[in-house]
K.L.:
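One structure is given below, represented as structure tokens, and several questions about it will come after.
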Amino acid sequence: MYNYPDDSLALHTDLYEINMMLTYWQKGISERHAVFESYFRKNPFGSGYAIFAGLERVIRYVQGLHFTDSDIAYLKEVEDYPEAFLDYLKNLKFTCTIRSAVEGDLVFNNEPIFQVEGPLAQCQLVETAILNILNYQTLIATKAARIKSVTGDDPVMEFGSRRAQELDAAIWGTRAAYIGGFDATSNVRAGKMFGMPISGTHAHSLIQTYRSDYEGFKAYAQTHHDCVFLVDTYDTLRSGVPSAIKVAKEMGDAINFQGVRIDSGDMAYISKRVRQQLDAAGFTEAKIYASNDLDEKTIQNLKMQGAKIDVWGIGTKLITAFDQPALGAVYKLVSIEDSNGEMVDTIKLSSNAEKVSTPGLKQVWRITNNLKDGKSEGDYIALWHEDPRLQSELFMFHPTYTYINKILKDFTARPLLQTIFDKGTLVYQLPDLQAIRAYRQQNLDSLWDEYKRDLNPQEYPVDLSKRLWDHKMDYIQKVRNKVARETGARD
Ligand SMILES: Nc1ncnc2c1ncn2[C@@H]1O[C@H](COP(=O)(O)OP(=O)(O)OP(=O)(O)O)[C@@H](O)[C@H]1O
Ligand SMILES: O=P(O)(O)OC[C@H]1O[C@H](OP(=O)(O)OP(=O)(O)O)[C@H](O)[C@@H]1O
Ligand SMILES: O=C(O)c1cccnc1
């Protein structure tokens with residue numbers, strides 16, 4: 001049975017994490033100090049940026065993290081773990097430090113967006129859930145921002161619950177969409193949970209129930225105000241819109257006729273005809289809502305065709321991140337305590353230069369140019385103890401193509417990674433959703449349009465400090481020497 005009264009998220013992890021914890025525990029290194037960092041290698045949807053989301057849920061997850069009696073009983077039943085290891089799990093308290101970008105931040109490929117620092121075994125346990133949360137919510141917030149970038153000031157409603165990958169995705173996905181710029185959700189529970197605006201029209205079933213546009217709209221109007229009628233059940237132009245107009249005229253102010261929704265057909269052509277019909281009847285303020293598998297490409301195209309659509313309802317293509325169903329953020333060990341108590345940075349080599357990991361605990365600095373309206377010049381990844389704010393000029397160069405470089409003199413450097421948990425204690429105060437939305441907008445405003453365009457954007461600079469770059473090169477050489485020594489291979 002899946003219904004445990006003390007169900008917890010401690011087992012919301014891959015088995016290999018617990019298996020590695022056992023190894024560390026039996027070998028006496030589970031408490032060794034470690035640093036893991038999370039980053040993704042490619043921005044989603046061919047976008048120039050991503051919108052960071054998911055931190056609130058990560059915080060709730062970490063706060064509730066403990067193995068319950070039924071978790072331990074289950075592990076005992078299915079795995080051959082020693083009793084003392086199960087006791088260790090049962091008594092485990094999360095004592096790591098977490099640093100993270102915050103919701104509404106712009107984040108970019110190949111930079112750390114999340115760090116966990118603390119006892120090795122604990123860092124290992126939380127990998128799966130953290131990536132699960134951040135990958136999905138960041139993906140949806142980014143998709144929402146892309147859609148919002150083409151709708152401009154038009155209101156956009158999130159309609160995706162029925163198509164989402166199950167309940168959690170609907171709820172947390174719509175919150176992420178709100179962070180990314182959507183204006184309301186049709187999911188009532190999300191409204192209750194997060195204080196988001198809720199909004200909705202009605203379905204075809206209402207019209208089918210009354211077997212007539214006119215009767216259906218009238219019944220709806222008699223029981224609601226602020227009415228939006230769905231006009232495409234039988235024939236939008238011949239029956240739907242004329243019936244909506246008739247009911248609106250008959251009921252007058254009582255229903256506060258808001259407009260009509262179209263959900264099929266050629267929406268450019270139909271919306272123009274609907275606009276004419278509404279205007280001719282005197283309803284010049286009535287809005288035209290549109291839904292039907294919309295995404296940023298279709299919306300942009302409809303706008304190009306001069307579609308007369310005022311409000312957009314978006315479901316499937318947003319909530320399932322239809323054109324890119326996963327963000328590939330990874331969680332990598334960058335530093336670990338050795339047997340002498342010294343921290344040793346770690347690296348993962350690859351024949352692909354861009355896939356070579358960058359060793360050591362780092363901070364990401366967002367660099368803005370004080371002489372250029374405070375626009376972002378790029379991100380500057382530095383070793384933790386470096387502080388670019390103390391430098392009078394900053395040398396920024398591409399980490400692979402180092403001849404691409406610039407020197408900044410009048411700049412501001414802002415640290416991206418903020419401390420969320422300090423040795424297990426929450427020290428970050430979560431802003432409310434409105435503040436997160438305003439923060440996201442402020443961040444987007446500080447990004448040059450070249451990085452924001454939805455097609456083939458310029459690559460935003462994510463650079464390494466000279467010291468970090470030297471450190472990385474040094475490590476690459478050290479590892480290659482070690483491999484050569486061990487295998488007798490020649491360089
Ligand atoms: N003028 C237009 N330009 C570009 N795309 C459009 C235009 N009008 C509608 N679309 C999009 O084209 C797709 C049309 O979907 P489809 O072929 O299933 O037709 P439909 O009108 O939904 O049919 P149905 O009556 O079965 O609902 C939708 O994704 C819709 O958003
Ligand atoms: O198209 P999406 O972007 O996914 O938006 C959600 C869709 O859900 C509804 O259709 P559905 O056929 O489920 O119900 P209805 O038409 O009967 O309301 C609505 O009419 C939209 O078309
Ligand atoms: O309110 C609506 O119009 C709505 C809600 C969910 C899905 N489709 C439409």
K.L.:
I'd like to know if K143 pairs up with D323 as an ion pair, taking the criterion as any Lys NZ or Arg NE/NH1/NH2 lying under 4.0 Å from an Asp or Glu carboxylate oxygen.
P.N.:
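Salt bridge between K143 and D323, a charged N being under 4.0 Å from a carboxylate O: yes.
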
K.L.:
Indicate yes or no: does R366 engage E111 in a salt bridge with an N to O separation below 4.0 Å.
P.N.:
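Judged by the 4.0 Å cut-off on N to carboxylate O distance, R366 and E111 do form a salt bridge.
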
K.L.:
One thing to verify: whether D463 and K406 come together as a salt bridge, which I'm taking to mean a side-chain N less than 4.0 angstrom from a carboxylate O.
P.N.:
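Between D463 and K406 there is no salt bridge, as every charged N stays at least 4.0 Å from the carboxylate O atoms.
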
K.L.:
Are the charged groups of D105 and R440 less than 4.0 angstrom apart, N to O?
P.N.:
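Looking at D105 and R440, the cut-off is not met.
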
K.L.:
Among all residues two or more places apart in sequence or in another chain, which pass the salt bridge (Lys or Arg N to Asp or Glu O under 4.0 Å) test with E56?
P.N.:
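Per chain and number, E56 pairs via salt bridge (Lys or Arg N to Asp or Glu O under 4.0 Å) with R60, R175.
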
K.L.:
Got a salt bridge between K303 and D154, using NZ or NE/NH1/NH2 to carboxylate O under 4.0 Å?
P.N.:
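Between D154 and K303 there is a salt bridge, with a charged N closer than 4.0 Å to a carboxylate O.
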
K.L.:
Within the distance-only criterion (no hydrogens, no angle test), does the side chain of E377 pair as donor or acceptor with the backbone N or O of T368 below 3.5 angstrom?
P.N.:
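Flag not set: sc E377 to bb T368 has no pair under 3.5 Å.
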
K.L.:
According to the ring pair (Phe, Tyr, Trp, His ring centres under 6.0 Å) rule, which pairs have a member within residues 239-278, sequence neighbours left out?
P.N.:
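Qualifying pairs: F229-F257, F257-F283.
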
K.L.:
Any ion pair linking E296 and R146 (charged N to carboxylate O, less than 4.0 Å)?
P.N.:
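Here R146 pairs with E296 in a salt bridge, since their nearest N and O are under 4.0 Å apart.
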
K.L.:
Should R453 and D449 count as an ion pair when the cut-off is N to O under 4.0 Å?
P.N.:
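Answer for the salt bridge query: no.
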
K.L.:
Show the nearest heavy-atom pair for residues R437 and Y178, with the distance to one decimal.
P.N.:
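That would be NH1-O, 2.7 Å.
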
K.L.:
Below 6.0 angstrom between ring centroids: does that apply to W365 and F411?
P.N.:
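For W365 and F411, the ring centres are not under 6.0 Å apart.
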
K.L.:
Pick out which of Y49, Y451, W448 makes a ring-ring contact (aromatic ring centres under 6.0 Å, His included) with Y460.
P.N.:
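Only one of Y49, Y451, W448 forms a ring-ring contact (aromatic ring centres under 6.0 Å, His included) with Y460, namely Y451.
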
K.L.:
Regarding R275 and D310, does a basic nitrogen lie under 4.0 Å from an acidic carboxylate oxygen?
P.N.:
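Yes, charged N to carboxylate O under 4.0 Å.
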
